[in-house]
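Since this is a predicted model, take the numbers as computed values, not measurements. The basis for the numbers below is simple: all heavy atoms, side chains too, and nothing from hydrogens, waters or symmetry mates. In each ligand, atom 1 is the first atom listed, and ligand 1 is the first ligand listed.
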Amino acid sequence: MNLEEIQDPSFLKNYSNKQLEELAADIRRFLIEKLSATGGHIGPNLGVVELTLALHQLFDSPKDKLLWDVGHQAYVHKILTGRAPQFDTLRQYKGLCGFPKRTESEHDVWETGHSSTSLSGAMGMATARDLKGTNENIVAIIGDGALTGGMALEALNHIGHEQKHLIVVLNDNEMSIAPNVGALHSILGRLRTAGKYQKAKEDLETIIRKIPAFGGKLADTAERLKDSLKYLMVSGMFFEEMGFTYLGPVDGHDLDDLKHQLSYAKKTSGPVLVHVLTKKGKGYKPAEEDATGAWHGTGPYKMESGEMVKKPGPPSYPSVFANTLKRIAREDERVVAITPAMPGGSKLDLFAEEFPDRMFDVGIAEQHAATMSAGLATQGMKPVYAVYSTFLQRGYDQVVHDICRQNLNVLIAIDRAGLVGADGETHQGVFDIAFLRSLPNITILNPKDENEFQHMLYTGICYDDGPIAIRYPRGNGTGVKMDASLSRLPIGKWNVLQEGTDAAILTFGTMIPVAEKALAQLKQAGYSIRLINANSVKPLDEKLLEALAEEELPLLTIEESVLQGGFGSAVLEFYNEKGMHVELKRMGIPDYFVEHGSVSELYQEVGLTPERIADTLISMLPQKRKRA
Ligand SMILES: Cc1ncc(C[n+]2csc(CCOP(=O)(O)OP(=O)(O)O)c2C)c(N)n1
Ligand SMILES: CC(=O)[C@@H](O)[C@H](O)COP(=O)(O)O
Ligand SMILES: [Mg+2]
């Protein structure tokens with residue numbers, strides 16, 4: 001079938017299973033081919049082809065609501081809802097979003113990107129339905145990894161209590177990004193093997209019902225027997241205990257089994273959980289055999305061999321992070337590392353190779369990770385909480401209430417700080433300066449390159465005056481020479497990278513090379529601009545700021561972070577509190593959610609370019625001569 005002719009999923013209603021199987025094969029071929037060029041979340045999507053077909057055949061989207069948890073596995077849903085023609089633009093600037101997007105389609109009823117929100121969204125929709133007296137079905141599709149997220153458990157608890165009809169499809173492929181972890185994962189493991197229970201229950205019922213005369217009475221007795229069988233065969237029917245009708249486990253690649261159970265769920269009152277077993281990467285050998293999570297989300301790859309198309313370059317910040325932490329941990333046994341389900345992305349899997357007892361993957365549990373780090377710190381350990389900037393948002397109160405308020409020695413390694421690119425607005429790491437800077441006791445550092453980064457990590461481990469956050473970007477370093485030994489850096493002491501007498505730029509991290517390019521352009525135009533590496537957002541270098549004000553230099557702050565409440569705001573507040581007048585302009589991320597695209601395209605969009613920096617500075621200075 002030419003998938004690009006699909007307008008909406010209604011054509012599926014009359015499809016036989018054979019036709020669906022053929023369509024599934026077409027979809028797999030399409031995904032494997034398209035994503036070999038664009039990259040994306042190939043593994044998760046190959047695992048939900050039959051499930052998505054069955055859902056769109058049995059339910060009437062968008063009247064019936066399908067909510068995709070995390071949403072990285074919604075490509076098949078997007079193909080079936082008329083967006084196949086856009087797949088060449090997947091996760092590219094102004095192209096197809098990699099997650100559900102309400103402005104893209106009426107079938108995208110719930111936007112995701114961060115994990116574990118679908119059940120709460122579904123409960124809200126089911127509550128609204130019942131208040132309005134309508135009768136649509138609400139179906140949340142959540143993975144076994146996402147189910148480890150605290151929000152999901154909060155929602156299960158409430159849904160089970162309220163007993164409103166909604167369907168939870170648990171897509172269990174035994175993987176988060178890496179292999180899934182936790183006690184819930186073990187429960188699912190028992191349920192996975194409990195297929196026998198379901199069969200035994202049905203056989204038992206059929207036999208009993210066939211007994212003439214007192215068969216019915218016996219059947220009631222058997223109800224209790226059946227329940228005890230349930231408990232015998234399947235330890236702790238966690239979901240039934242939570243108030244759900246548990247159906248499964250279902251073979252998530254067998255359309256008959258899927259449709260039978262989903263149809264039954266549709267007719268069942270109250271909350272229903274359909275436990276579906278799938279294989280992540282199904283239908284593409286390299287992805288199917290992935291045991292570490294390498295095929296969870298990829299860049300471009302060679303279809304035939306499954307070889308990833310590697311972009312050569314300097315070591316990535318996460319690899320510098322892991323290797324430096326190993327170096328420090330060899331000398332300091334207090335060092336332990338915590339990741340909320342991102343051992344691969346953070347490269348803490350490399351740390352765990354050497355220190356398996358000192359690395360903890362806690363599942364998709366950013367709140368727990370933060371407070372567990374606090375607990376570790378109270379006992380004299382040196383916890384390093386490695387977390388993407390965007391996911392740290394999920395553990396904000398724990399940073400406030402448990403780490404900063406108790407002034408505990410936790411090092412928060414904030415990875416993917418700044419614009420991340422293809423994952424778009426749900427993943428840009430641009431808010432953490434604004435939401436951390438206002439917290440008492442916290443120190444916030446930003447390295448300009450991987451060499452400063454390694455020293456900052458060492459400084460962070462040596463630092464014993466409370467919580468310290470070190471922010472670093474997604475991707476590779478600058479290729480700068482790495483010092484052989486680690487040294488402790490002064491905190492709150494900025495350094496002048498380039499002298500200048502007409503104006504000064506205050507910036508840090510990834511914006512340093514961008515500013516350096518602007519200075520080169522300005523020098524050609526006869527301007528002498530000072531460049532200051534403001535590598536600590538908190539504390540500010542107050543002495544240097546006072547000296548700049550005394551020199552009456554026009555100042556420009558630049559940050560790959562939201563302007564509202566960011567670094568530039570901190571500098572403005574400082575001068576205001578000191579009653580000092582300076583001419584100051586701020587450049588940074590404007591007040592809107594920045595969508596997906598390459599980081600360089602996004603820099604252009606938000607104006608973080610050498611040209612815009614030069615123009616902004618020239619607008620602040622007496623006209624010397626037209627810019628070359
Ligand atoms: C709050 C939050 N933390 C971490 C992530 C990163 N993340 C994206 S997908 C994923 C694993 C999801 O596993 P699962 O729900 O089982 O889906 P699967 O990929 O197996 O289909 C993680 C940890 C996220 N999106 N949101
Ligand atoms: C869907 C999700 O949240 C993760 O898969 C995320 O896309 C990983 O980001 P990185 O590719 O930066 O590790
Ligand atoms: Mg999974």
Side-chain angles (χ1 to χ4, degrees), residues 39-49 51-52 68-76 91 97-100 112-119 140-152 169-182 184-185 188 192 252 275-282 287 290 293-299 316-318 339-349 361-370 386-396 415-429 472-475 596 599:
H41 288 95
I42 181 76
N45 282 281
L46 289 174
V48 296
V49 176
L51 174 58
T52 310
W68 300 92
D69 203 285
V70 182
H72 62 316
Q73 80 296 52
Y75 298 177
V76 183
R91 299 168 11 120
C97 178
F99 301 96
T112 39
H114 281 197
S115 165
S116 320
T117 67
S118 65
L119 303 191
I141 303 99
I142 186 168
D144 53 312
L147 198 63
T148 63
M151 276 190 73
V169 177
L170 171 55
N171 172 31
D172 180 4
N173 52 27
E174 302 183 68
M175 296 288 281
S176 185
I177 293 183
N180 204 0
V181 296
L184 203 50
H185 176 58
L188 293 181
R192 274 192 290 275
H275 182 193
V276 177
L277 308 185
T278 63
K279 178 71 184 156
K280 205 162 181 175
K282 176 97 177 163
D290 172 24
W295 285 90
H296 169 84
T298 70
S316 70
Y317 273 93
T339 174
M342 309 298 279
S346 66
K347 289 278 186 274
L348 278 180
D349 49 4
D361 176 357
V362 298
I364 307 180
E366 287 81 6
Q367 298 172 335
H368 167 62
V387 60
Y388 289 16
S389 165
T390 190
F391 302 142
L392 180 61
Q393 293 160 196
R394 186 62 64 85
Y396 182 59
D415 191 351
R416 272 66 169 183
L419 293 169
V420 296
D423 273 337
E425 58 189 295
T426 53
H427 284 62
Q428 310 293 10
Y472 51 100
R474 183 176 197 278
H596 47 281
V599 172

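- Within the 4.0 Å heavy-atom shell around ligand 1 one finds Met342.
- Of all the listed residues (His427, His72, Gln73), His427 holds the heavy atom that lies closest to atom 3 (O) of ligand 2.
- From the protein, the heavy atom lying nearest to atom 13 (O) of ligand 2 is Tyr388 OH, 2.6 Å.
- At the top of the distance list for atom 16 (O) of ligand 1, counting protein heavy atoms only, stands Gly145 N, 2.7 Å.
- Taking atom 21 (O) of ligand 1 as the reference point, the nearest protein heavy-atom neighbour is Asn173 ND2, 3.4 Å.
- Every atom of ligand 1 with a heavy atom of Arg394 under 4.0 Å away is listed here by number and element: 1 (C).
- His296 places no side-chain N or O within donor-acceptor distance of the main-chain N or O of Ala178, the cut-off being under 3.5 Å.
- Atom 8 (C) of ligand 1 has Val70 CG1, 3.9 Å as its closest protein atom, hydrogens excluded (heavy atom only).
- Among Arg91, Arg474, His296, the residue whose heavy atom lies nearest to atom 12 (O) of ligand 2 is Arg474.
- Expressed to the nearest 0.5 Å, how far OG1 of Thr52 lies from CH2 of Trp68 amounts to 3.5 Å.
- Using a 4.0 Å heavy-atom cutoff, Ser116 is absent from the residues neighbouring ligand 1.
- Heavy-atom distances between Gln73 and ligand 1 stay at or above 4.0 Å for every pair.
- The Mg ion (ligand 3) has an N, O or S atom of Asn173 closer than 2.8 Å.
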### Message
Does Asp172 form a side chain to side chain contact (heavy atoms under 4.5 Å, CB included) with His275? I'd like the steps, not just the answer.
### Response
CA-CA 7 Å; Asp172 180 4; His275 182 193; 2.8 Å; yes

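- Proximity to Gly143 (heavy-atom distance under 4.0 Å) selects the following atoms of ligand 1: 14 (P), 15 (O), 16 (O).
- Distance check: Asn180 CG to Asn173 CG gives 8.0 Å after rounding to the nearest 0.5 Å.
- Protein heavy atom closest to atom 3 (N) of ligand 1, with residue, atom name and distance, is Glu366 OE2, 2.7 Å.
- Here the side chains of Arg416 and Thr390 are not in contact, with every heavy-atom distance at 4.5 Å or above.
- Within the 4.0 Å heavy-atom shell around ligand 2 one finds Asp423.
- For the pair O of Met175 and OD1 of Asp144, the angle at the Mg ion (ligand 3) is about 100°; rounding is to 10 degrees.
- Residue, atom and distance of the protein heavy atom nearest to atom 23 (C) of ligand 1 are Ile364 CD1, 3.5 Å.
- Atoms of ligand 2 lying under 4.0 Å from at least one heavy atom of Phe99, given by number and element, are 1 (C).
- The proximity of Asp144 to ligand 1, defined as any non-hydrogen pair under 4.0 Å, involves the side chain as well as the backbone.
- The two residues Thr117 and Asp69 have their closest heavy-atom pair at N-OD2, 3.2 Å.
- Considering only non-hydrogen protein atoms, atom 25 (N) of ligand 1 sits nearest to Gly113 O, 2.9 Å.
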### Task
Please test Thr278 against Asn171 for side-chain hydrogen bond (donor to acceptor under 3.5 Å, both in side chains), starting from the C-alpha separation and ending with a verdict.
CA-CA 7 Å; Thr278 63; Asn171 172 31; 2.5 Å; yes

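- Heavy atoms of His41 approach ligand 2 to within less than 4.0 angstrom.
- A heavy-atom distance below 4.5 Å is not found between the side chains of Val387 and Gln393.
- Nearest protein neighbour of atom 5 (C) of ligand 1, counting heavy atoms only, is Phe391 CZ, 3.3 Å.
- In the vicinity of Ser115, heavy-atom distances shorter than 4.0 Å reach the ligand 1 atoms 1 (C), 2 (C), 24 (C), 25 (N), 26 (N).
- No side-chain heavy atom of Ser115 sits under 4.5 Å from any side-chain heavy atom of His72.
- Within the 4.0 Å heavy-atom criterion, both parts of Ile177, backbone and side chain, lie near ligand 1.
- Residue-ligand proximity, His72 to ligand 1, at heavy-atom distances under 4.0 Å covers atoms 9 (S), 17 (O), 18 (P), 19 (O), 21 (O).
- Closest to atom 10 (P) of ligand 2 among all protein heavy atoms lies Arg416 NH2, 3.5 Å.
- Here Tyr317 contributes atom OH and Arg474 contributes atom CZ; the two are 14.5 Å apart, rounded to the nearest 0.5 Å.
- The CG atom of Asp423 lies 10.5 Å from the NE2 atom of His596; values are rounded to the nearest 0.5 Å.
- Closest of all the heavy-atom pairs between Arg394 and Ser116 is NH1-CB, 4.2 Å.
- A donor-acceptor contact closer than 3.5 angstrom is absent between the side chains of Thr148 and His185.
- Remark: side-chain polar atoms of Gln428 are paired, donor with acceptor, to backbone N or O of Val420 under 3.5 angstrom.
- Side-chain atoms of Leu188 and Leu170, non-hydrogen and from C-beta on, do get closer than 4.5 Å to each other.
- Of all atoms in ligand 1, numbered sequentially from 1 with element shown, those under 4.0 Å from a heavy atom of Ala146 are 14 (P), 15 (O).
- Taking distance alone, with nitrogen or oxygen atoms compared against 3.5 Å, Lys280 approaches ligand 1 more closely than that limit.
- Of all protein heavy atoms, the one closest to atom 11 (C) of ligand 1 is Ser176 OG, 3.3 Å.
- Taking the six-membered ring where the residue is Trp, His41 and Phe99 present tilted rings, their angle falling between 30° and 60°.
- Under 4.0 Å from ligand 1, the heavy atoms of His296 that appear belong solely to its side chain.
- Not one N or O of Ala341 is nearer than 3.5 Å to an N or O of ligand 1, by distance alone.
- Contact of the Ile177 side chain with the Met342 side chain is registered, since non-hydrogen atoms from C-beta on lie closer than 4.5 Å.
- A side-chain donor-acceptor contact under 3.5 Å links Asp361 to the backbone of Ala341.
- Under 4.0 angstrom from ligand 2, there are no non-hydrogen atoms of His114.
- Set against the non-hydrogen atoms of Phe391, the atoms of ligand 2 under 4.0 Å away are 3 (O).
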